[in-house]
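First the structure, in the form of structure tokens, and then the observations on it.
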Amino acid sequence: MTRAEMSSDDEDTPLSQTISRKNQRVRKIVPEEDSDYDSDDVLSKQPKKKKTKTLSKEKKIKVKSDSDDDDDEVMSKKLEKKKKKKKTKTIKKSIKKEKETENDLKEEENNDDEEEDKEESYKWWEEGDVKDNGWTSLVHNGVMFPPEYEPLPSHIKLYYDNQPVELPPEAEEVAGFYAALLETDHGKNPVFQKNFFNDFLQILKENGGTLNGIEIKSFDKCDFSKIYNYFEVLKEEKKKLSAQEKKELRLERQKEEEIYKFCELNGRKEQVGNFRVEPPDLFRGRGKHPKTGKLKRRVHPEDIVLNLSKDAPIPKPPKGHKWGEIRHDPNVQWLAMWRENIFNSFKYVRLAANSSLKGQSDLKKFEKARELKSHIDSIRRDYKRSLKSKVMLERQKAVAIYLIDVFALRAGGEKSEDEADTVGCCSLRYEHVTLQPPNIVIFDFLGKDSIRFYQEVEVDKQVFKDLIIFKRPPKQPGHQLFDRLDPSILNKHLQSYMPGLTAKVFRTYNASKTMQDQLDLIPNEGSVAEKLLRYNAANRTVAILCNHQRSVTKGHAQSVQKANFRIKELIWQRIRLKKSILQLDKKLRKKNPKFYAEIDDLTKEDEIEIHEKIIERENEKYQRKFVRENDKRKFENEELLEEKVLNEWLEKVEDLKKEFAEEIKTGEIVLKPTLNTVEKLEKQIERLDLRIETSSIQLKDKEENSEVSLGTSKINYIDPRLSVVFCKKFGVPIEKIFTKSLREKFTWAIESVDENWRF
DNA sequence: CCGAGTACTTAGGACCCGCCGT
DNA sequence: ACGGCGGGTCCTAAGTACTCGG
């Protein structure tokens, strides 16, 4: 019995305890009018109060150029103007700060003619070594709250035991969260239902129960379908809306975001990442998560801690509210934070991926991985030796590092009972590893995000022996394979080789190393498309190494089936053509029996099935055409097509059907006048051959790729400089490999390497 | 030294939107 | 013009690792 099975039930007590404890933190929601907060753009409205050295220059600019300085856009304008790239990139950081103001000012005057929109980016990577994370000045506008709950229209209700229920808005909101998921996997998951229902009842109780005296006791008697349907209608309406109105809505949204989207870090404009506070919802835990479905409560300004410069203006909280706390901690990268109620852990608002801070961390990460290059040999030598160590702990360390190094396992920290049962290296258990002499190991476990890790591999002989030892009785299923180990012990050991070396560095190192090796194998020839294919193949190798998967999309099975059928149909067509040839000249079969052999592969059942599908498809085609045509005519106030017209079309299909039936009966194919010679038929067959070929390859590619996610390794593991070098060397435009946001994230890489750079 | 607490990276799925074939 | 599809972005869950206080 696994831990998950043992723990999944009988959680009633702990769960309800959590709920009631959390309840003390619940705040009453302020009436709507009150909460119509207008967060002022403190950055632009109070620029004069800024005392920060790095900002002083802005004042001058403004004095110089801007008289209506309370404009909302002041900040962006100012920042754009001063964003001029410093040509004097050798300025030492230490003295930079003091001189910055002067320098900037001087340059400001000199560079006024530079294009305004080139602005942006501070090229930190051109300034020698990266400074330690943290900031000297941080100014921002706080966070954006989700809209208040809007009650459902009065005719949309939850039904209990077939009776409409009057819910207080607070409870209705929660019911709505569930209703929205009614038809999803979450909605159908019993654990999710149970957790949701507990919390729902709790909220209901807190708010005085139902308003019409109905007492809700059993989940099974709840009918959420009315609410669900209503949401579906809303979705439809939103989709239909599709005019330019959609664009207007988007613009409005963007305008609201505007002030939160940017902040000022060390005097420079930078993008904020997740400035939207997470809206309340049901927690969607992955895998067999014991807490999935629990209510994630609304976050209020009072829950939020802001982090900014001491002298930065404090953003206005929503009307009638106060911030939880204001902090000035320059050693952390977050702008705001709050505690969530599911695990009592923190959520952070941080800078966007394209920010200097993130870029610097990224560069550091890859440089650390590269540093491992010069230690990896001795590390490998050592762990190979330690595989035979007399000290158990040493052996376990050695095997663990081996697994992390060779199979790219994660460290595998300890997890608590109220999380999904997933493991990494150190937390592997007896049952996750099967040993098959002489040296085959089968890994089968759930890793991060409950993604299955399944591999049958050959391992080092001594590793195999050690694993046998680690599994020796009295150990049994449920027991830790590495009972003396945890990530911190492992990491401590690793640091003795190299400062900052931890288990996760191996993943980065091996991913990038693999990519480099794979790219080295690609010949510099062929079209850009071919090169891209090869790049993606290399990328895929890495993704497979890291076990980056994606679930096949809902339509995948169907679309594969469809593609398969299309191929089948093409083959049928080919056979039909071949039959046609034989009808013209029977003797040809003897001359080339192989060519005609596939005719016998086609069974009557197959044939009938294909016929039916084609008929069905044709019918649908005309039905759709009819509906569409009439929709159009209705819209344009024209006369509608009569049913008669449709029937005429369908007649044609009937004819085809008869033709097929005849074909089945007699085995004779009626030749089309355009296809009535052996030559013409053969040519047609050739064309079909090609189509079948390409369709098959495409399908295979699709299937192979359907479960592999290339993105994660591209974003997190493959040193972007590898891709940049590849593009430069092979004449592939970088846009083919990095999307716009990736190009922004990796500007430091794109602008800093030449084609000789190697990982 | 350890565990709780904190801060940061890594991850897959939802969702949206533009493109393509019809 | 339209709907299905797939790429790109958004969202937030789920990891790793470090720190700090007893």
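Because the structure is predicted, anything quoted here is derived from the model rather than measured. Each chain gets a letter, A, B and so on, in the order the sequences are listed, and its residues count up from 1. Atom set for the values below is all heavy atoms of this structure, side chains included, hydrogens, waters and symmetry mates excluded.
- One can place CZ of Arg350(A) at 17 Å from C1' of dC10(C), the figure rounded to the nearest angstrom.
- Remark: Glu707(A) CD is loosely packed, at most 12 non-hydrogen atoms of other residues, nucleotides or ligands lying under 6.0 Å away.
- Counting non-hydrogen atoms under 4.0 angstrom, Gly424(A) reaches nothing in the nucleic acid.
- Sequence order on DNA chain C of the closest nucleotides to Cys425(A) and Pro279(A) puts Pro279(A) first from the 5' end.
- Taking Glu257(A) as the reference, Arg253(A), Lys261(A), Arg276(A) meet the salt bridge (Lys or Arg N to Asp or Glu O under 4.0 Å) condition, with sequence neighbours excluded.
- Look at Lys347(A) and you won't find any side-chain N or O under 4.0 angstrom from OP1 or OP2 of dC11(C).
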Got a list of protein N/O to nucleotides 17-21 of chain C N/O distances below 3.5 Å?
{"residue": "dA17(C)", "atom": "OP1", "partner": "Thr502(A)", "partner atom": "OG1", "Å": "2.8"}
{"residue": "dA17(C)", "atom": "OP1", "partner": "Ala503(A)", "partner atom": "N", "Å": "3.1"}
{"residue": "dA17(C)", "atom": "OP1", "partner": "Lys504(A)", "partner atom": "N", "Å": "2.8"}
{"residue": "dA17(C)", "atom": "OP2", "partner": "Asn491(A)", "partner atom": "ND2", "Å": "3.1"}

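- Among the duplex regions that DNA chain B forms, those built from at least three successive Watson-Crick or G-U pairs under 3.5 Å are B:1-22 with C:1-22, ordered by first number.
- Going from atom CZ of Arg507(A) over to atom P of dC8(B) covers 22 Å, rounded to whole Å.
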Could you walk me through whether Asn547(A) and Gln455(A) pass side chain to side chain donor-acceptor pair (under 3.5 Å), step by step? CA-CA 10 Å; Asn547(A) 199 37; Gln455(A) 272 184 39; 5.3 Å; no
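- The CD-P distance, from Glu414(A) to dA14(C), rounds to 18 Å in whole Å.
- Residues forming a side chain to side chain contact (heavy atoms under 4.5 Å, CB included) with Pro280(A) (at least two apart in sequence, or on another chain): Pro146(A), Glu173(A), Phe177(A), Arg298(A).
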Sequence neighbours excluded and cut-off under 3.5 Å, please list the side-chain donor-acceptor pairs for residues 737-745 of chain A, or say none.
{"residue": "Thr739(A)", "atom": "OG1", "partner": "Leu742(A)", "partner atom": "N", "Å": "3.3"}
{"residue": "Arg743(A)", "atom": "NH1", "partner": "Phe738(A)", "partner atom": "O", "Å": "2.8"}
{"residue": "Glu744(A)", "atom": "OE1", "partner": "Asn354(A)", "partner atom": "ND2", "Å": "3.3"}

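- Between the P atom of dG3(B) and the NZ atom of Lys415(A) lies a distance of 19 Å, rounded to the nearest Å.
- With sequence neighbours excluded, the residues satisfying side chain to side chain contact (heavy atoms under 4.5 Å, CB included) with Lys448(A) are Arg410(A).
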Identify all pairs in which a protein N or O lies below 3.5 Å from an N or O of nucleotides 12-19 of chain B, and state each distance.
{"residue": "dG12(B)", "atom": "OP1", "partner": "Gln549(A)", "partner atom": "N", "Å": "3.1"}
{"residue": "dG12(B)", "atom": "OP1", "partner": "Gln549(A)", "partner atom": "O", "Å": "3.4"}
{"residue": "dG12(B)", "atom": "OP2", "partner": "Thr712(A)", "partner atom": "OG1", "Å": "2.8"}
{"residue": "dG12(B)", "atom": "O5'", "partner": "Gln549(A)", "partner atom": "O", "Å": "3.4"}
{"residue": "dG12(B)", "atom": "N2", "partner": "Arg286(A)", "partner atom": "NH2", "Å": "3.3"}
{"residue": "dG13(B)", "atom": "OP1", "partner": "Ser551(A)", "partner atom": "OG", "Å": "3.3"}
{"residue": "dG13(B)", "atom": "OP2", "partner": "Ser551(A)", "partner atom": "N", "Å": "2.8"}
{"residue": "dG13(B)", "atom": "OP2", "partner": "Ser551(A)", "partner atom": "OG", "Å": "3.3"}

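- Legend: side chain to side chain donor-acceptor pair (under 3.5 Å) pairs involving residues 490-501 of chain A, not counting sequence neighbours, sorted by first then second residue: Asp382(A)-Tyr497(A).
- When heavy atoms are screened at a 4.0 angstrom cut-off, Lys296(A) is found touching the sugar-phosphate backbone but no base atom.
- Take Arg327(A) and apply the side chain to side chain contact (heavy atoms under 4.5 Å, CB included) test, not counting sequence neighbours, and it matches Val305(A), Asn307(A), Glu325(A), Trp334(A), Met337(A).
- Residues forming a side chain to side chain contact (heavy atoms under 4.5 Å, CB included) with Arg286(A) (at least two apart in sequence, or on another chain): Asp449(A).
- Phosphate proximity of dT9(B) to Ser361(A): present, with a side-chain N or O under 4.0 Å from OP1 or OP2.
- Partners of Arg721(A) according to the salt bridge (Lys or Arg N to Asp or Glu O under 4.0 Å) rule, which considers only residues two or more places apart in sequence or in another chain, are Glu367(A), Asp719(A).
- Applying the salt bridge (Lys or Arg N to Asp or Glu O under 4.0 Å) criterion to Asp329(A), with sequence neighbours excluded, gives no partner residue.
- Between Lys492(A) and Lys358(A), the one whose closest nucleotide on DNA chain B sits nearer the 5' end is Lys492(A).
- Among the heavy atoms of the strands, none lies under 4.0 Å from Gly711(A).
- At dT9(C), one or more side-chain N or O atoms of Thr739(A) fall inside 4.0 Å of OP1 or OP2 (strictly under the cut-off).
- A sub-4.0 Å separation between OP1 or OP2 of dT9(B) and a side-chain N or O of Tyr348(A) is absent.
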Residue pair Asn195(A), Gln193(A): steps toward the side chain to side chain donor-acceptor pair (under 3.5 Å) verdict: CA-CA 6 Å; Asn195(A) 284 328; Gln193(A) 294 174 349; over 6 Å; no
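- Glu340(A) has its CD atom 18 Å from the P atom of dC11(C), to the nearest Å.
- Phe343(A) has its CZ atom 8 Å from the C1' atom of dA13(C), to the nearest Å.
- For the pair Leu742(A) CG and dG7(C) P, the computed distance is 15 Å after rounding to whole Å.
- Atom CG in Leu490(A) sits about 12 Å away from atom P in dT16(C), given to the nearest Å.
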